[in-house]
Amino acid sequence: MTRFVVLDVETTGVAFSKGDRIIQLAYAVVENGEITDNYATYLNPDRAIPPFIKTLTNITDEHVVHAPTFDSIAPTLLQALEGAYFVAHNVEFDLNFINEELIHAGYTPFQGPLLDTVELARIAFPTEDSFRLSELSERFDMAHTTPHRADSDANATALLLMEIFQTFETLPLLTLQQLEKLTPALKSDLGAWLSELIAKKTSHPHFTEEIDTYRGLAFKKQRLIDEEEDEETSEVVPTVDTLLQQTLMNDMSMADKMPAYELREGQIDMIRFIDKVFKEDSIGLIEAGTGTGKTLGYLIPAAIFAKRSNEQVVISTETIQLQDQLLKNELSTLKKVLPFSIKTALLKGRGHYLCLQKFENLLHKDPMPSYDRTLSKAQILVWLTMTDSGDVEELNLASGNTRFWYEIASDAKSCANPSCPWFTRCYYQRAKKKAKQADLIITNHSLLFTDMVADHQVIPKYATLIVDEAHHLEETATRQLGEKLDYLTITQVLNDVTSRDKVEWLPEAITKLAPEYMQEKAENITRVSTDFKQEWNDLFIQMNHYVTRGTAGKNETGRLSKIIELSDQKWLNVRETAARCEHLFKALLITIHDIIQKIDDAFEQDEVHPTNEQRREREWLHSILYQIESQYMAFNHLILQPQENDVYWLEVETRGPKQSISIQSSPITVADRLADDFFTHKKRIILTSATLTVNNKFNYMIQRLGLEDFPVKTKQVASPFSWSDQVALMVPEDMPLIQDAGEEAYIEAAALQIYRTAQVTKGKMLVLFTSYDMLKRTYAHLKDMLDDSFMIVAQGIHTKSRSKLTKNFQQFEQSILLGTSSFWEGVDIPGSDLSCILMARLPFSPPNDPVFKKRSDSLKEQGDSPFMKLALPQAVIRFKQGFGRLIRRSTDKGVVIVLDRRLVTTRYGKSFINSLPKEIPFIQESMDILEDHLTDWFNDLQENENGE
């Protein structure tokens with residue numbers, strides 16, 4: 001069957017049963033790789049089109065009032081669908097609506113084969129950031145002039161289908177054969193088409209040098225590391241001063257290398273400062289304002305130092321996203337500037353890399369098959385033919401598959417030695433080998449501390465470190481040096497163990513190595529696992545009672561949080577249940593270890609030749625053992641053997657099962673640990689960020705990071721932006737104080753101010769909150785106040801994904817984005833998409849945050865002020881980060897409005913204002929007057945944009 005009808009509908013809403021109807025229908029017919037026919041029509045829904053749909057589709061009541069009804073065009077549609085595939089982007093929605101309309105009109109619903117281009121695009125293009133039709137159309141340069149119009153959507157989907165088919169046709173035969181095994185569990189009826197393609201490839205085999213095959217998998221051939229690098233040449237590596245004079249400060253030289261380059265004095269100062277710190281084997285703290293070219297400012301001296309000293313430099317960022325951005329964007333710029341070659345490597349924690357042994361095992365036998373897991377397997381099969389790194393950050397896996405990736409990710413037991421059949425092809429081992437040969441190693445803060453705990457066995461030995469986004473270093477160390485345990489992780493492992501048939505818990509291939517022994521052990525594991533699940537369930541229900549029957553506060557994500565008092569009798573009762581769990585934990589570990597030992601002993605016998613299935617089962621058992629061991633260690637530290645200098649707390653989801661609880665720990669202070677186990681082992685360190693100072697002093701950061709006894713040099717590099725022209729800071733003086741008016745009155749007033757501001761700015765607003773609860777309640781008010789011309793995108797209400805929220809925000813003309821903690825920094829919304837940031841409150845940490853509370857208590861005991869030493873500096877740095885979301889480039893303009901009048905009514909408010917550039921205009925007026933200022937500001941902004 002080679003006829004595909006690619007269809008799209010626009011509707012008045014999402015529910016036919018509630019009266020929603022189709023207002024436009026279009027399809028394109030694809031045959032033999034070409035679009036052979038098109039059809040499009042408006043349809044009369046016999047009801048008014050809602051304002052939101054009008055805004056989204058640009059289809060009005062005038063378009064449909066004289067249009068035909070669905071029943072009049074149904075024969076044409078059915079004739080087109082005769083003997084064809086029904087294809088759509090998110091096929092379930094379009095098919096359901098079409099079938100509802102067909103049934104309503106008296107026809108039989110379509111029951112032929114389906115193809116979903118969302119699903120197929122996920123498989124064919126597993127590394128794409130988004131599978132929205134508009135973004136895929138842009139990615140593949142396909143004509144899609146009017147998104148959310150059925151005619152344009154149908155044509156774009158047809159072009160996408162052809163692109164997908166072309167991609168499948170280039171896949172290796174082995175990959176197609178593996179995909180064919182997965183097709184019964186997919187939405188798309190791909191089996192028949194794949195069978196034809198496999199038959200064609202089998203009769204006309206084609207081999208490519210780019211693809212390797214091994215143990216039933218096809219993947220991109222990995223070149224040897226040594227082959228990838230150029231042979232060493234006797235390159236002349238200039239000093240920093242020479243490079244500055246000959247290149248960066250030479251307009252003609254830079255014009256040839258980077259036509260758009262602008263000389264920035266702050267960047268030059270930063271380069272010279274870092275060069276000096278390196279020469280003096282010291283520690284340097286640099287606050288580099290937005291727009292100074294900070295990244296290139298540290299990469300240049302890092303590269304020169306690495307090459308001239310023949311020592312590796314490690315560069316660490318806070319997030320994986322920044323790490324990838326550094327490798328993809330900034331390093332390519334660096335290589336244009338340098339007159340010599342450098343080797344770079346990206347190194348992440350093991351869990352970011354695919355374990356080919358685990359993936360092979362899971363393809364062979366999946367204990368928890370599901371649609372999402374099947375789709376993810378299909379994506380990975382295709383991705384293997386593309387990836388050099390095996391890094392999950394390249395992948396856009398089907399949603400909700402954190403557990404699935406955990407099962408196939410590399411861990412401490414993966415490819416631990418050359419006996420693993422995949423050792424020479426292991427992505428993690430390859431990344432480590434490449435890092436050993438690099439001049440610059442790009443990593444992340446979390447791995448720095450994983451390496452520290454692992455006695456520096458993860459990252460190749462280094463003495464020179466540059467830490468970007470260094471204001472996160474204490475927070476990351478606190479998190480990495482702590483522990484976390486939840487109900488679900490071990491339960492899923494136990495379900496994995498007990499999901500097998502009890503008689504054949506170990507397959508025949510394994511049990512026949514020692515039939516009676518294995519049978520007894522398998523029965524023991526099933527029994528212990530069943531008992532353990534019950535005790536584990538009781539333990540977490542007890543912990544839930546400990547939280548909900550005591551005094552617990554909500555954290556900024558909306559979860560209940562309670563610090564554990566280790567001497568509390570109620571907690572001692574929890575520990576009694578934990579002791580029973582420990583007994584079963586150990587029994588399980590001992591039994592599985594005994595089975596593995598028996599298998600290993602059998603494998604070593606000369607007359608035994610292990611089969612692939614036997615090896616797979618042994619690897620599965622090793623994985624189970626490692627997971628249970630890891631959970632036992634966390635359990636032991638968190639409940640049975642707590643440490644005196646750590647804080648322990650419980651977090652509970654307010655909605656959901658009683659077992660939706662986690663127990664966590666963190667060190668109360670990390671300064672001494674950082675000083676003794678981290679900084680002492682380095683010769684030269686640069687700590688840089690846009691926000692390292694409070695009141696233009698580095699004291700807070702030096703104290704929190706344990707740097708008081710080290711030789712530290714500091715430097716502030718001002719932003720080059722024209723602050724007086726680009727941004728204004730406003731505070732409405734008629735906004736109530738929360739301590740006077742109460743929380744509900746404050747939220748109502750905040751919603752009103754957001755509403756009034758939005759009328760002037762026409763959306764384009766980011767509203768920052770310090771608690772999810774306040775965000776949620778403000779959102780409810782705004783929904784009632786704003787009409788359908790505004791799109792409100794709210795974190796935690798629509799989705800928790802920051803990237804999805806940001807994309808949704810940018811998609812609509814008049815949109816307002818409400819965000820909590822993760823939106824105060826790391827969000828980059830350039831240009832006119834964002835013109836206003838509104839802070840609902842000054843960003844102080846919640847007083848009931850467990851780590852913050854214990855640190856505050858510790859400072860009190862020492863006779864210090866927790867507010868001045870901890871709460872205020874933290875809030876100022878966070879405030880600066882939030883402010884920095886607005887002006888990202890020299891062309892950006894906008895307004896920051898702070899609703900919290902503590903900024904001007906308290907003495908400490910000056911700490912916030914003094915931490916911003918002095919040139920920023922500061923306006924404190926009633927909201928009526930501020931609206932006039934806003935109107936003038938945005939009128940000027942509009943005129944400037946139009947003039948340009």
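If you read the sequence from its start, that first residue is 1, and numbering goes on from there.
With respect to Lys807 and Asp129, no salt bridge is recorded, no charged nitrogen being found less than 4.0 Å from a carboxylate O. Ion pairing of Asp900 with Arg902 is present here, as a side-chain N (NZ or NE/NH1/NH2) and a carboxylate O approach within less than 4.0 Å.
Residues Glu474 and His445 have side chains not in contact (no heavy-atom distance under 4.5 Å, counting atoms from C-beta outward). Leu687 is listed as a side-chain neighbour of Leu705, based on a closest heavy-atom distance under 4.5 Å. Phe790 has its side chain out of reach of Phe812: every pair of non-hydrogen atoms, C-beta onward, lies at least 4.5 Å apart. Residues Val851 and Trp649 are in side-chain contact: their nearest non-hydrogen atoms beyond the backbone lie under 4.5 Å apart. Put simply, the side chain of Gln874 reaches to within 4.5 Å of the side chain of Phe852, judged on heavy atoms. For the pair Val896/Phe879, no side-chain contact is recorded, criterion being any heavy-atom separation below 4.5 Å from C-beta on. The side-chain heavy atoms of Arg47 and Thr12, taken from C-beta on, include a pair separated by under 4.5 Å. Side chains of Met701 and His471 form a contact here, defined as non-hydrogen atoms less than 4.5 Å apart.
Side-chain N/O atoms of Gln716 and Asn696 include a donor and acceptor closer than 3.5 Å. With no hydrogens or angles considered, a side-chain donor-acceptor pair links Thr820 and Gln795 at under 3.5 Å. Looking only at atom types and distance, the side chain of Gln881 has a donor-acceptor partner in the side chain of Thr691 under 3.5 Å away. Between the side chains of Glu287 and Thr693, a donor-acceptor pair is found at a separation under 3.5 Å. There is a side-chain donor-acceptor pair under 3.5 Å between Glu825 and His472. A donor atom on one side chain and an acceptor atom on the other are not found under 3.5 Å apart for Thr778 and His781. Checked by atom type, the side-chain pair Ser789/Asp787 shows a donor-acceptor distance below 3.5 Å.
The distance from the CG atom of Leu650 to the OG1 atom of Thr548 is 10.5 Å, given to the nearest 0.5 Å.
The side chain to side chain donor-acceptor pair (under 3.5 Å) check on Asp740 picks up nothing, with sequence neighbours excluded.
Between Phe721 and Trp723, the ring-plane angle classifies as perpendicular under the 30° and 60° cut-offs.
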Between Asp833 and Lys764, does the salt bridge (charged side-chain N to carboxylate O under 4.0 Å, His left out) criterion hold? Intermediate values first, please. CA-CA 6 Å; Asp833 284 347; Lys764 305 180 189 305; 5.4 Å; no
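When Arg855, Lys854, Gln862 are each tested for a side chain to side chain donor-acceptor pair (under 3.5 Å) with Ser858, only one passes: Gln862.
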